[in-house]
Amino acid sequence: QSVLLQNDDKFSIFSINIQSLNAKFDKLVSFLHGLHEDNFDFSAICIQETWLSQEDDISMFELPGYHLISQGKLCCGHGGLIVYLQDKFTYKLRKMYDTSEIWEGLFIDIEGGNMENKITLANIYRPPKRNNCNSTIEAFIQEFKPIVHALGQENSTALFAGDFNIDLSKIDERQKFQEYFDLFVTLGFYPKLTLPTRFSRRNCTLIDQIFCRFARSTQMSTSGIFFSNMSDHLPYFIYFDMNTIKKSVPKTVKVNTYDANSINAFCENVRSVITQNPLNVNLLADPNPNYNFLEKTLQESREKYLPSKFVKFN
């Protein structure tokens, strides 16, 4: 948590497969409240497996300071997606695909918060049904490919977060897992989690992931995994610099006011000061006092009779 607290000025995303929001909502609120007490709030929170339908009353799941963007379960009884977005940002829903029987996604464009460019956030859930069948994974890849291609061509930051139920720790064992990985990487979307996110008594898997493509190649990000008993999936996070709007600095030009009267006044003042305080004309004397006196006289006379001013221009 200390890493997050030092970067509260970044855009940050928290994600978890919660396996019933109704059952785990109090744990989620308690976890977020602990961070809030330390003056840190995630910019966006992605929840998979809410188990909520489109007809359910979601008002009880509101979080102060956040928009609640919900999509009821579509591809299975354990589906359902929610994105909480800080209310200092605005959002627009995007329809990126027709309803699928094998996965579901909630896509939003995020703007505001002094960001120069939008961020597209995709919250994804793919259930494990028939997960050992190569044809099922191939069908998912083919349905998902046009979306990755479309977002990969936009000149903005895009992120896919969620539970894909494809284990990247076994990428060397399954050709289809490699093809799933290649789909993202070949278009500049790189995975940010490299450690397991789900544990059982006998094994561990890396089935939750954040794939990111940033608007600028120099944009830095940090990601991590929380150890929590909120769900049997570990929650994870990412934060990165926002491409913020640069404040325009007014351009100015220095203009001198050199008219005839000002020049005459300048010359007369220099003459008068030197007359009242004659220079040391001894050839063997140290010249520095004369130089310093003359420099000071010229500078003061210039500031008084030949002032400059700065004029703004576009």
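FYI, the numbering just counts along the sequence from 1.
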Margin query: Assess the residue pair F89 and F11 against the criterion (ring-ring contact (aromatic ring centres under 6.0 Å, His included)); give the C-alpha distance rounded to whole Å, side-chain angles, the decisive distance to 0.1 Å, and a yes or no.
Written below: CA-CA 11 Å; F89 300 102; F11 192 94; 5.3 Å; yes
Margin query: Can a donor-acceptor pair be found, under 3.5 Å and without considering hydrogens, that links the side chain of R213 to the backbone of G152?
Written below: yes
Notebook entry, point to check: Side chains of I274 and L294: does their closest heavy-atom pair fall under 4.5 Å?
Noted result: yes
Checklist line | side-chain hydrogen bond (donor to acceptor under 3.5 Å, both in side chains) partners for N288, two or more places apart | finding: D286
Note to self: Distance check, rounded to the nearest 0.5 Å: D163 atom CG versus I18 atom CD1?
What the structure shows: 13.0 Å
Note to self: Would the distance check show the side chain of Q86 and the main-chain N or O of A44 forming a donor-acceptor pair, the cut-off being under 3.5 Å?
What the structure shows: no
Check: Are the aromatic ring centres of F144 and F160 under 6.0 angstrom apart?
Finding: yes
Check: Given the rule in the salt bridge (charged side-chain N to carboxylate O under 4.0 Å, His left out) test, do E111 and K88 qualify, once you have shown the distances and angles that lead to the verdict?
Finding: CA-CA 9 Å; E111 296 181 315; K88 68 179 180 181; over 6 Å; no
Next item on the list: Taking the side chain as every heavy atom from C-beta outward, state whether P191 and F184 have any atom pair closer than 4.5 Å.
Entry: no
Note to self: Which residue in the set L106, I58, T50 passes side-chain contact (heavy atoms from CB on, under 4.5 Å) when paired with S70?
What the structure shows: I58
Notebook entry, point to check: F42 and I13: which non-hydrogen atoms are nearest, and at how many Å?
Noted result: CD2-C, 3.9 Å
Notebook entry, point to check: Taking all atoms of both residues into account, what is the closest heavy-atom pair of A150 and M96, and its distance?
Noted result: CB-CE, 4.3 Å
Check: To the nearest 0.5 Å, how far apart are CG in L183 and NE2 in H149?
Finding: 6.5 Å
Notebook entry, point to check: Taking all non-hydrogen atoms of both residues, which atom of I108 and which atom of V83 are closest, and how far apart?
Noted result: CD1-CG1, 3.8 Å
Notebook entry, point to check: Do the side chains of L193 and L168 get nearer than 4.5 Å, heavy atoms only?
Noted result: no
Check: Rounded to the nearest 0.5 Å, how far apart are CG of D167 and CG of N131?
Finding: 9.0 Å
Check: Should the heavy atoms of other residues, nucleotides or ligands under 6.0 Å from CZ of F199 be counted, would the total exceed 12?
Finding: yes
Show every donor-acceptor pair shorter than 3.5 Å between a side-chain atom in residues 229-238 and any protein atom, with sequence neighbours excluded, or say none if there are none.
residue	atom	partner	partner atom	Å
S231	OG	N17	O	2.7
S231	OG	Q19	OE1	3.4
S231	OG	H233	N	3.2
D232	OD1	Q19	NE2	3.1
D232	OD2	R198	NE	3.4
D232	OD2	R198	NH2	2.9
H233	ND1	D208	OD1	3.3
H233	ND1	D208	OD2	3.0
H233	NE2	R198	NE	3.4
Y236	OH	S15	OG	3.0
Y236	OH	G162	N	3.1
Y236	OH	G162	O	3.1

Check: For the side chain of S30 and the backbone of D26, is there at least one donor-acceptor N/O pair under 3.5 Å apart?
Finding: no
Notebook entry, point to check: Are L68 and Y84 close enough that some pair of their side-chain heavy atoms sits under 4.5 Å apart?
Noted result: yes
Note to self: Please find the pair of heavy atoms, one from Q219 and one from F214, that lie closest to each other, and give the distance.
What the structure shows: OE1-CB, 3.5 Å
Notebook entry, point to check: Do F107 and I147 touch side chain to side chain, with heavy atoms closer than 4.5 Å?
Noted result: yes
Notebook entry, point to check: Nearest heavy-atom pair of L93 and I69: which atoms, and what distance?
Noted result: CD2-CG2, 3.7 Å
Check: Quick one: does T275's side chain have a donor or acceptor within less than 3.5 Å of a partner on R271's backbone?
Finding: yes
Checklist line | side chain to side chain contact (heavy atoms under 4.5 Å, CB included) assessment of D98 paired with E143 | finding: CA-CA 9 Å; D98 295 325; E143 288 187 17; over 6 Å; no
Margin query: Please check: side-chain N/O of R126 versus main-chain N/O of F164, any donor-acceptor pairing under 3.5 Å?
Written below: yes
Note to self: Does any part of the side chain of C75, heavy atoms only, come nearer than 4.5 Å to the side chain of P127, both counted from C-beta?
What the structure shows: yes
Note to self: Main chain of A265, side chain of N269: is a donor-acceptor contact present, judged purely on distance under 3.5 Å?
What the structure shows: no
Notebook entry, point to check: Does a donor on one side chain and an acceptor on the other come within less than 3.5 Å for S20 and N22?
Noted result: no
Notebook entry, point to check: Say you draw a straight line from CD1 of I207 to CD1 of I166; how long is it, rounded to the nearest 0.5 Å?
Noted result: 10.0 Å
Check: Is any side-chain heavy atom of K10 closer than 4.5 Å to a side-chain heavy atom of D241?
Finding: yes
Notebook entry, point to check: Taking atom types as modelled, is there a side-chain donor on D56 or S53 under 3.5 Å from an acceptor on the other?
Noted result: yes
Next item on the list: Take atom NZ of K170 as the centre, draw a 6.0 Å sphere, and report whether it contains more than 12 heavy atoms from other residues, nucleotides or ligands.
Entry: yes
Notebook entry, point to check: If we only count heavy atoms from C-beta on, is the L52 to L21 side-chain gap below 4.5 Å?
Noted result: yes
Item checked: Exceeds 12 heavy-atom contacts within 6.0 angstrom, atom CD of E101 -> no
Note to self: Quick one about D109 and T120 (side-chain donor to acceptor, distance below 3.5 Å, no hydrogens or angles considered), yes or no?
What the structure shows: yes
Margin query: For a quick check under 3.5 Å, do Q178 and D182 share a side-chain donor-acceptor pair by atom type?
Written below: yes
Note to self: So does I110 get a backbone contact from the side chain of K118, meaning a donor-acceptor N/O pair under 3.5 Å?
What the structure shows: no
Item checked: From K192 atom NZ to F240 atom CZ, the distance as rounded to the nearest 0.5 Å -> 10.0 Å
Notebook entry, point to check: Do E104 side-chain atoms and G80 backbone N/O form a donor-acceptor pair below 3.5 Å?
Noted result: yes
Check: Hey, are H36 and D41 close enough side-chain-wise for a donor-acceptor pair under 3.5 Å?
Finding: yes
Note to self: Tell me the closest heavy-atom pair linking A215 and T157, and the distance in Å.
What the structure shows: N-OG1, 3.1 Å
Check: Given E49 and K73, is the salt bridge (charged side-chain N to carboxylate O under 4.0 Å, His left out) satisfied, shown in steps?
Finding: CA-CA 8 Å; E49 279 203 54; K73 52 190 177 183; over 6 Å; no
Next item on the list: Describe, in one word, how the ring planes of Y180 and F140 are oriented to each other, choosing from parallel (under 30°), tilted (30 to 60°) and perpendicular (over 60°).
Entry: tilted
Next item on the list: Verify side chain to side chain contact (heavy atoms under 4.5 Å, CB included) between L63 and F25, making sure each step is shown before the conclusion.
Entry: CA-CA 10 Å; L63 290 178; F25 186 65; 4.0 Å; yes
Margin query: Determine whether a donor-acceptor pair (N or O, by modelled atom type, separation under 3.5 Å) exists between the side chain of Q71 and the backbone of G105.
Written below: yes
Check: Do N117 side-chain atoms and S156 backbone N/O form a donor-acceptor pair below 3.5 Å?
Finding: no
Note to self: Take a 6.0 Å sphere around CG of N282 and say whether it holds more than 12 heavy atoms from other residues, nucleotides or ligands.
What the structure shows: yes
Margin query: Looking at E303 and K296, is there a salt bridge between them, counting it only when a charged N and a carboxylate O are closer than 4.0 Å?
Written below: no
Checklist line | Inter-residue atom distance E295.CD - E300.CD, 0.5 Å rounding | finding: 10.5 Å
Notebook entry, point to check: Do the numbers put R302 on top of the ring of F266, so that NZ or CZ is under 6.0 Å from the six-membered ring centre and no more than 45° off the axis?
Noted result: no
